[in-house]
Amino acid sequence: MSGNLLHVNATITCPHGGRVQVLPAQTRVLVAGQPVATLADVFTVVGCPFTAGNKPQPCVTVTWLSSAAQVVVNGTPALPQFATAQCRSAEGIPQGPPAMSVVQQRVVGR
């Protein structure tokens, strides 16, 4: 399957509306003027309002379960829009997949 590559300023949200921020591991390979997102990047979630009962359980990070099979950036797999991921709480509890709503439209990876 092919899909548009993610970049560090793509709009990604957790299932509860928190915004995913990307700290890029590389800044040399760009799409739409932004570094390509890879498995080596750090993905943090800010502003997740999720609570379980009376205890806050916000999403704080994103763990990627798949990536591009044929596109690598500096030896690390790139992340296309179809890549699967899981948002997790601080305890590592899976909270659901992130939603990727705005990505660049020119570069496609498989």
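The heavy-atom pair separating P24 from T27 by the smallest distance is CG-CG2, 4.3 Å. Across T76 and A40, no two heavy atoms sit closer than the pair CG2-N, 3.5 Å. Of all heavy-atom pairs between S67 and A83, the closest is CA-CB, 4.3 Å. Minimum interatomic distance between V45 and C48 (heavy atoms only, all atoms of both residues): CG1-CB, 4.1 Å. In terms of heavy atoms, C59 sits closest to C87 at SG-CB, 3.7 Å. Nearest heavy-atom pair, P49 versus H16, reported as atom, atom and distance to 0.1 Å: CD-O, 3.4 Å.
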Check: Going through the distances and angles, do S66 and T84 end up as a side-chain hydrogen bond (donor to acceptor under 3.5 Å, both in side chains)?
Finding: CA-CA 5 Å; S66 69; T84 56; 3.0 Å; yes

Margin query: Between N74 and T38, does the side chain to side chain contact (heavy atoms under 4.5 Å, CB included) criterion hold? Intermediate values first, please.
Written below: CA-CA 9 Å; N74 295 334; T38 70; over 6 Å; no

Next item on the list: Determine, stepwise, if the pair R88 / V60 fulfils side chain to side chain contact (heavy atoms under 4.5 Å, CB included).
Entry: CA-CA 6 Å; R88 297 185 183 276; V60 296; 5.9 Å; no

Checklist line | T11 and R19: CA distance, side-chain angles, deciding distance, side chain to side chain contact (heavy atoms under 4.5 Å, CB included) verdict | finding: CA-CA 8 Å; T11 302; R19 175 131 172 113; 3.6 Å; yes

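When atom types are taken as modelled, the side chain of S89 and the backbone of I93 share a donor-acceptor pair closer than 3.5 angstrom. Q26 places a side-chain N or O within 3.5 Å of a backbone atom of V36 that can act as its donor or acceptor partner. Side-chain atoms of T61 come within 3.5 Å of backbone atoms of F43 as a donor-acceptor pair (strictly under, hydrogens ignored). A donor-acceptor pair is defined here as one N or O able to donate and one able to accept, closer than 3.5 Å; such a pair exists between the side chain of D41 and the backbone of A25. No donor-acceptor pair closer than 3.5 Å links the side chain of Q57 to the backbone N or O of Q95. When atom types are taken as modelled, the side chain of Q34 and the backbone of N9 share no donor-acceptor pair closer than 3.5 angstrom.
In this structure, CG on L79 lies 8.5 Å from CE on M100, to the nearest 0.5 angstrom. Separating the CD1 atom in I12 from the CD atom in Q81 is a distance of 9.5 Å, to the nearest 0.5 Å.
Placement of L5 and V29 within a single hydrophobic cluster is found when ILVMFWY residues are connected by side-chain heavy-atom separations under 4.5 Å, directly or transitively. By the criterion of side-chain heavy atoms lying less than 4.5 angstrom apart, applied directly or through intervening Ile, Leu, Val, Met, Phe, Trp or Tyr residues, V103 is grouped together with V8 in one hydrophobic cluster. With hydrophobic clusters built from ILVMFWY side chains whose heavy atoms lie under 4.5 angstrom apart, L39 shares a cluster with V22.
Under the ring pair (Phe, Tyr, Trp, His ring centres under 6.0 Å) criterion, H7 pairs with no residue, sequence neighbours left out.
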